[in-house]
Amino acid sequence: MEYNPREIEQKWRRYWEDNHIYQVSNHSESPKFYVLDMFPYPSGAGLHVGHPLGYIASDIFSRYKRLSGYNVLHPMGYDSFGLPAEQYAISTGQHPAITTDENIATFRQQLDNLGLSYDWSREVRTSDPKYYKWTQWIFMQLFNHYYDQDADKALPIAQLTDHFAASGNAGIRAVCDDDTPRFSAADWNAMDEQAQQRLLLKYRLTFPEESFVNWCPAMGTVLSNDEVKDGVSERGGYPVERKLMKQWAMRITAYADRLIEGLKTLDWPESIKDQQTNWIGRSQGASLRFAVDGHPDKSIEVFTTRVDTIYGVTFMVLAPEHEYVAALTTDAQRADIEKYIKWTASRSDVDRMAEKRVTGAFTGSYAINPLNGKKVPVWIADYVLAGYGTGAVMAVPSGDQRDWNFAKYFNLPIIPILDAQQNTEEAADATKEGRYINSGIINGLNYAEATPKLIAWLEEHGLGKGKIQYRLRNAVFSRQRYWGEPVPVYWKNGLPYLIEVSELPLLLPQVDKYLPTETGEPPLGRAEGWLYQNKYPYELSTMPGWAGSSWYFYRYMDSQNDDAFCSPEAANYWRQVDLYLGGSEHAVGHLLYSRFWNHFLYDLGLAPEREYAKKLVNQGMIQGRSNLVYRAKECFFEEFLWIKVLQPLLSDMQPVQMAQNTLQETTTYDFSFSTNDLAIEVVSFKILDKIALKKGIAKSDGKRLLVLTIEELIADINQPEVIADKIRKAAASKEPYIISEGTPVYEYLFVSHDLTQKYTPECFTALHVDVNIVDDDVLDLEKAHKLNQFEKANFKLDAERKFLCSFEIEKMSKRWFNVVNPDDVVEKYGADCFRMYEMFLGPLEQAKPWNTKGIDGVSRFLRKFWAMFYDDKGRFLVTEDAPNRDELKVLHRTTKRVTEDIERLSFNTCVSAFMMATNDFRELKCSKRGVLEPLVVLIAPFAPHVADELWQALGHEGSIHASGKFPVCDESFLQEDVFNYPIAINGKTRVTIALPADAAKDSLEAAAKAAVEKWTDGQEIKKIIVIPGRMINIVV
RNA sequence: GCCGAAGUGGCGGAAUGGUAGACGCGCUGGAUUCAAAAUCCAGUAUUCGCAAGAAUGUGUGGGUUCGAGUCCCACCUUCGGUACCA
């Protein structure tokens, strides 16, 4: 019986489904294990071969854990709100819910094709009202809580109002907006309800806030930074303006320190932790104010992490957008400043980033150093960003290289401030070593002493204070879109109020179109009569994509619960994700926001652990391998004629190449001959005026003209002698003007890649070609001719009559024609083979290009594996004979390797181990149950279908995935009697000798000495290093 | 610019500081076949050599070590992330 993956795989997939093999219970005697894949967005394009890499890896791990006796939660669902479905809705009018359902069906079918062991009874979709009810519920909790810095956790707003009523906002440390005023209990109690509510918004963990957005009036929508290019929308090129808009925000900054602290407890890749730490960007320093000379009402606030360098300040720099720029600019400087501002405004962010030159302009005003009263000039420059900190910098050129560059360029003074600074005339030196000089009250102190002294002085004089600053901003939580969760809020008297919990979910209303309203309101503004209690307008923006994905890992634990987002019993059983697998592109988006929500839920006692994912692994991207074809330009044909026809075939006519460069191109023809009066011009038959021009030139030169059209050259491109004949005939004739008649068959020529090397690279245009009509870089010409791209094309083939493409490794994407669909591969080789091959490609974490070169090897392996059980006549080969020691050794060695490698997620080496075991058993001619049965269990996580088929053949009832027990290695079988010792001289291996494994060191030394006499002859042996069971090194 | 990762045969890759190149692809030769496919066997880092064998060899240059692909320093290249972050 032959190995027939198609039949086997369908059979077992149906069995698994019918018998609910992968359904998991929240009650078990076994230890739990939670394996999670990152939430996918079900895109219309479906899966490509890159997507399943992580799904297969997590599936292998889940199956392995299950076979090892764990109760494994391994769920899948969809982050199904999102822009693509909405954009499709805008262009077609189809409700995004329908599009989404269709896409999910495709996605699901493709996932099923891979034989993954998900518990589909727990599937969730963020766009399902039963799901987003709880997203809205969590939002309401955030609205009803504030962050108390003394308790270091979120507490109910009611506690805050109690405190306000008793003692105002003194004596409580709560995270709030920067502009929150001080007020007493009397103030608070005198406020009306509206004033109190307005004030509370400054404390709530989610709150409406005015913030700048990229508003595109033509599209009626807000764009992300990367949708804006050069001040216009990337798609459509419409103008984009900065607009202040009321948006919901999340006070994630309240959790900044805890989000940094929590990272220390996580088994996550360091690079991800680094990125999160940098994103949060905690810096400890001081904020202080510089008075402005002649402007008593103004002072420039700066934040610095090096307040100790304050005596080195020789100028100030404001961002060109800083609010004081206009006021500080003197009339003498106004023209300069305005010119500079105009210039910076015209430059894109990319330009500004790439800028290496120093630019800036002087305002004409001076700031006063609070420490020494010295006046320093105030400049503006675009290296200071308006959006960061205060948009102003105190410049210390002796300690900061950027400031130093600026000072040198504009000839500003540089004052050294530490005796340890080296050569500050040559470059800035940011050292903190040494003692302060030129530094007033801190002269002679060191860094550790100076900083607190300065901060104390500033605080005492009311000029500044110590401050911790974060780069992290509060997260905007509004989207001006339709396809997202409605915010459970209505507006009354300009203030937001929550709806009742009993009114959840607030359903997404129907709208006539998925576009903004004429007045610029979000699409929900179109919903008719959408009012709370028929009176109050609902919030019209919807939640962003990260809302639903910030807590989904809890919903899987208890996906059908209508009374809670997750019951405490379920949460306390599963607790946290043990292994989380996904791409590193989510490093600071999803992975930071979801940690924030989890910390909040933890504060409320709803999440059992501070961090929801214990271990995180990033799978590498599978890149596409694109193929390129080379289309010839006109100059190619000239070079071709010269290299392939005129020189080799017509040398007797002494050809001359006329136009050496494009300048002469219009004034002369391409070729002539020393032996006759013929001239040749190569040109497309379409360019009639050029032909006429050349005809005239030839005539005035007294030459006869042969026009070789590019189109006729293309037709004969693989037969240069035919072209040579044409030229000979033309030379022999007396005709003054010769040109081919008739309509050409071809218009384009593509040149095999190996031939392009002979020509100037500029002769070709490289174009992507669909990789599905290319095999091993050889283009399938038959298929190619059927494509529009090649309809009127001929191909110049290489010496082996093949057409070669070049290749490039790039992101797998439709636009590069390099997408490989897993369904096609599964159809050809089977899911088991596809799974093993994806793993065999290389380490999980590493990015690697997709190519199918090696897949035949894996396919061959599976057939060999099968052949240990069945011969080609379909006879079952497995015997009940007891395995011998050699056979058991192979089994246990394989068990050890596979177990260890799965544990460290090194799946590629597992596949190798299976190949080696199979080769070994075949060599031993072994088909004994005693070794093959455990081997089938070992391979079951990797090739689940064939494992089940063989499990059944071995006489078992039901599925291996339900009843199999993962084998355990018995080390005693691995012990060897003899060991082949490599004997090295000075670390270089010379010979290996077999010695008893338990031999004493002395006898090893003696044996080694004897074995290497040939090399050591006559040299003194200084030392012998013996590592028992490893090697012996002789030092001479 | 900064941060991070990685550089090993023709290719994908393997290697707790201890025989570099496992395993697979590809290629070469052979068997089988009327022939092909499939399958099986053997070989396959480079250079020299008929061979035995020798020399070289993990991006470059240093260092630590009896011994370095692996650890340390500097540099080069590629990829990823990120920013005028004060």
Side-chain angles (χ1 to χ4, degrees), chain A residues 2 269-275 277-279 281-283 285 302-307 309 317 319 349 352-356 358-359 381-385 387-396 399-403 405-406 430 469-472 584-585 587-588 618 620-621 623 776 809 836-837 840-843 845-861 863-864 867 872 897 900-901 906 908-919 922 980-992 1022-1027 1029-1036:
Chain A
E2 249 187 46
E270 285 306 314
S271 56
I272 295 279
K273 295 204 240 179
D274 286 350
Q275 281 182 62
T277 308
N278 294 339
W279 188 266
R282 184 183 200 271
S283 50
V302 298
F303 174 79
T304 176
T305 53
R306 287 295 302 273
V307 68
T309 63
V317 187
D349 285 357
R352 282 196 184 192
M353 272 188 254
E355 184 58 71
K356 295 277 178 278
V358 177
T359 64
D382 66 357
Y383 79 87
V384 176
L385 293 183
Y388 186 76
T390 61
V393 177
M394 57 174 231
V396 184
D400 183 289
Q401 191 57 43
R402 225 173 25 224
D403 295 345
N405 293 345
F406 197 86
Q469 177 136 319
Y470 300 95
R471 176 185 177 276
L472 184 72
S584 55
E585 67 271 21
V588 287
N618 288 129
M621 189 177 32
Q623 295 151 313
D776 201 11
I809 304 300
M836 293 195 94
Y837 182 60
F840 191 55
L841 274 175
E845 294 92 337
Q846 210 166 288
K848 54 222 156 221
W850 173 259
N851 78 65
T852 42
K853 267 190 175 174
I855 196 166
D856 289 309
V858 176
S859 176
R860 228 168 274 166
F861 154 73
R863 286 199 296 268
K864 285 188 202 169
D872 51 7
R897 265 195 78 173
E900 286 174 359
D901 289 354
S906 171
N908 53 329
T909 50
C910 291
V911 179
S912 298
F914 289 126
M915 289 174 169
M916 284 157 83
T918 306
N919 291 343
R922 281 160 62 87
N980 282 321
Y981 274 93
I983 315 295
I985 297 168
N986 292 341
K988 182 156 188 65
T989 306
R990 289 292 171 182
V991 68
T992 57
K1022 287 189 184 151
K1023 199 172 173 187
I1024 300 183
I1025 290 134
V1026 179
I1027 318 284
R1030 276 278 180 217
M1031 52 96 67
I1032 298 164
N1033 190 17
I1034 294 167
V1035 187
V1036 298

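Numbers restart at 1 for each chain; the letters A, B, ... are given by sequence-line order, proteins then strands. Small disclaimer: the values here were computed from a predicted structure and weren't measured.
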Upstream residue (5' side of RNA chain B) when A/Arg306 and A/Asn1033 are each assigned their closest nucleotide:
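Its nearest nucleotide being more 5', the pick is A/Asn1033.
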Closest-nucleotide 5' rank along RNA chain B - winner of A/Ser906 and A/Asp403
A/Ser906
Watson-Crick or G-U wobble mate for [N], both contacts under 3.5 Å:
{"N": "B/G69", "value": "none"}
{"N": "B/A31", "value": "B/U39"}
{"N": "B/U56", "value": "B/A45"}

Using atom [atom1] of [X] as one end and atom [atom2] of [N] as the other, report the distance to the nearest whole Å.
{"X": "A/Asn618", "N": "B/G4", "atom1": "CG", "atom2": "P", "value": "16 Å"}
{"X": "A/Leu472", "N": "B/U82", "atom1": "CG", "atom2": "P", "value": "15 Å"}
{"X": "A/Trp279", "N": "B/G4", "atom1": "CH2", "atom2": "P", "value": "19 Å"}
{"X": "A/Asn278", "N": "B/G4", "atom1": "CG", "atom2": "P", "value": "9 Å"}
{"X": "A/Phe303", "N": "B/C84", "atom1": "CZ", "atom2": "C1'", "value": "17 Å"}
{"X": "A/Met836", "N": "B/G12", "atom1": "CE", "atom2": "C1'", "value": "16 Å"}
{"X": "A/Ile272", "N": "B/G80", "atom1": "CD1", "atom2": "C1'", "value": "11 Å"}

[X] side chain near [N] phosphate (N/O to OP1/OP2, under 4.0 Å):
{"X": "A/Arg922", "N": "B/C40", "answer": "yes"}
{"X": "A/Arg863", "N": "B/U39", "answer": "yes"}
{"X": "A/Gln846", "N": "B/G12", "answer": "no"}

Which residues pass the ring-ring contact (aromatic ring centres under 6.0 Å, His included) test with A/Tyr837, sequence neighbours left out?
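Applying ring-ring contact (aromatic ring centres under 6.0 Å, His included) to A/Tyr837 gives A/Trp850.
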Starting from the C-alpha separation in whole Å, work towards a yes-or-no answer on side chain to side chain contact (heavy atoms under 4.5 Å, CB included) for A/Met915 and A/Val858.
CA-CA 9 Å; A/Met915 289 174 169; A/Val858 176; 4.1 Å; yes
Of all residues at least two apart in sequence or in a different chain, which pass the side-chain hydrogen bond (donor to acceptor under 3.5 Å, both in side chains) check with A/Arg863?
A/Ser859
Can you tell me how far apart CG (A/Asn1033) and CD1 (A/Ile1024) are? Round to the nearest 0.5 Å.
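If I round to the nearest 0.5 Å, the distance is 9.5 Å.
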Check the pair A/Lys864, A/Asn919 against side chain to side chain contact (heavy atoms under 4.5 Å, CB included), reporting the backbone distance first and the verdict last.
CA-CA 8 Å; A/Lys864 285 188 202 169; A/Asn919 291 343; 3.9 Å; yes
Test side chain to side chain contact (heavy atoms under 4.5 Å, CB included) on A/Asn908 and A/Ser906 and set out the steps.
CA-CA 6 Å; A/Asn908 53 329; A/Ser906 171; 3.4 Å; yes
Close N or O pairs between protein and nucleotides 20-27 of chain B (under 3.5 Å):
residue	atom	partner	partner atom	Å
B/A22	N1	A/Ser912	OG	3.4
B/G24	OP1	A/Asn919	ND2	3.1
B/C25	OP1	A/Arg860	NH1	2.7
B/C25	O2'	A/Lys853	O	2.9

